[in-house]
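Data block below; observations after.
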Amino acid sequence: MHGLWKPRVLGAWRVPASGPAILAVNHAHNIDGPMLMATSPRPVHFLIKKEAFIGPLDPFLRAIGQLKVDRSVADRAAITDALGVLGDGGVLGIFPEGTRGEGDFASLRAGLAYFAVRSGAPIVPVAVLGSTDRRGRLIPALPPLRSRVDVVFGDAFEAGDGTGRRTRKALDDATARIQERLTVHLENARRLTGR
């Protein structure tokens, strides 16, 4: 990633140095996940749609610790694997919107709140900016080679309300709190980077 683009990383020190953590990343382009993996101060395990685990990508993604998820069902194996990463003190990367879109955290799925409340791991908001600004000349599906992509880490926060409840209402409330914090982080990141 560093050879193809010019990532500028801001606030990486905000990622806890040890213990479980969840990186909640906006998702506007295919390179957002790999860019975060390349710039994060700690190894990141992402929940990645099962459709990506094909051909030579399958053994590669498994070797670098990525987790396969079937988005069409409540994939219990993926949930167990993700909780295992957090239980072992690792870093889980999640695209809270569930799929690539505007990357503005406008509609969050409940998975992020579930993992945060269930594990007690802090959430670190991450904004990847610049991956969709322009199309490349050589490969239009990618940003121009050697263009700048900003990766901005925010302050870690707890998603739960402190009661330890895991009811549907507690998860809905946690999702609303998370969405507010992620939206504020994205606005701050845009202001900071001028994007």
Side-chain angles (χ1 to χ4, degrees), residues 1-2 4-16 20-49 51-52 61 66-67 69 71 78 82 85-86 91-117 121-136 141-144 147-159 171-172 174-195:
M1 298 309 279
H2 289 273
L4 296 174
W5 293 280
K6 294 190 242 176
R8 178 173 62 166
V9 181
L10 304 169
W13 56 270
R14 292 182 168 117
V15 176
I22 300 172
L23 302 184
V25 192
N26 67 323
H27 194 22
H29 197 283
N30 281 337
I31 72 161
D32 295 342
M35 186 61 71
L36 178 62
M37 284 188 258
T39 59
S40 173
R42 294 178 61 191
V44 182
H45 304 270
F46 268 98
L47 286 166
I48 299 175
K49 63 183 178 181
E51 294 83 4
L61 290 172
Q66 304 315 301
L67 311 172
V69 63
R71 298 179 303 167
V85 165
L86 295 170
V91 177
L92 181 65
I94 294 183
F95 297 117
E97 297 159 297
T99 188
R100 196 172 54 252
E102 295 299 314
D104 57 3
F105 298 122
S107 61
L108 300 190
R109 300 179 84 170
L112 174 56
Y114 174 80
F115 288 121
V117 170
I123 296 173
V124 177
V126 183
V128 178
L129 303 170
S131 58
T132 60
D133 288 354
R134 295 179 299 143
R135 299 171 67 99
L142 295 174
S147 63
R148 191 180 86 212
V149 176
D150 293 320
V151 181
V152 185
F153 294 88
D155 292 321
F157 66 93
E158 301 292 329
L171 291 178
D172 288 345
T175 298
R177 282 190 297 277
I178 291 167
Q179 185 168 24
E180 182 180 339
R181 293 289 296 264
L182 296 181
T183 301
V184 167
H185 170 67
L186 185 58
E187 290 168 2
N188 290 340
R190 285 182 172 145
R191 199 167 27 255
L192 180 67
T193 61
R195 291 187 182 265

Which atom of [X] lies closest to which atom of [Y], heavy atoms considered:
X	Y	result
L186	A127	CD1-CB, 3.7 Å
L23	S40	CD1-OG, 4.0 Å
L61	A52	CD1-O, 3.8 Å
G93	F46	O-CD2, 3.2 Å
P122	A156	CB-CB, 4.1 Å

Inset, instruction - Indicate yes or no: at least one non-hydrogen side-chain atom of P16 is less than 4.5 angstrom from one of V124. - result: yes
What is the distance from atom [atom1] of [X] to atom [atom2] of [Y], rounded to the nearest 0.5 Å?
X	Y	atom1	atom2	value
M35	L129	CE	CG	11.5 Å
L86	L92	CG	CG	5.0 Å
E158	I178	CD	CD1	10.5 Å
N188	T193	CG	OG1	10.5 Å
D155	I123	CG	CD1	13.5 Å
L182	H185	CG	NE2	8.0 Å

Legend entry - side-chain contact (heavy atoms from CB on, under 4.5 Å) assessment of V128 paired with N26: CA-CA 7 Å; V128 178; N26 67 323; 3.9 Å; yes
Legend entry - Test side chain to side chain contact (heavy atoms under 4.5 Å, CB included) applied to I22 and V91, V44, I94, the passing residue: I94
Legend entry - Donor-acceptor contact present, side-chain R14 to main-chain F153, <3.5 Å: yes
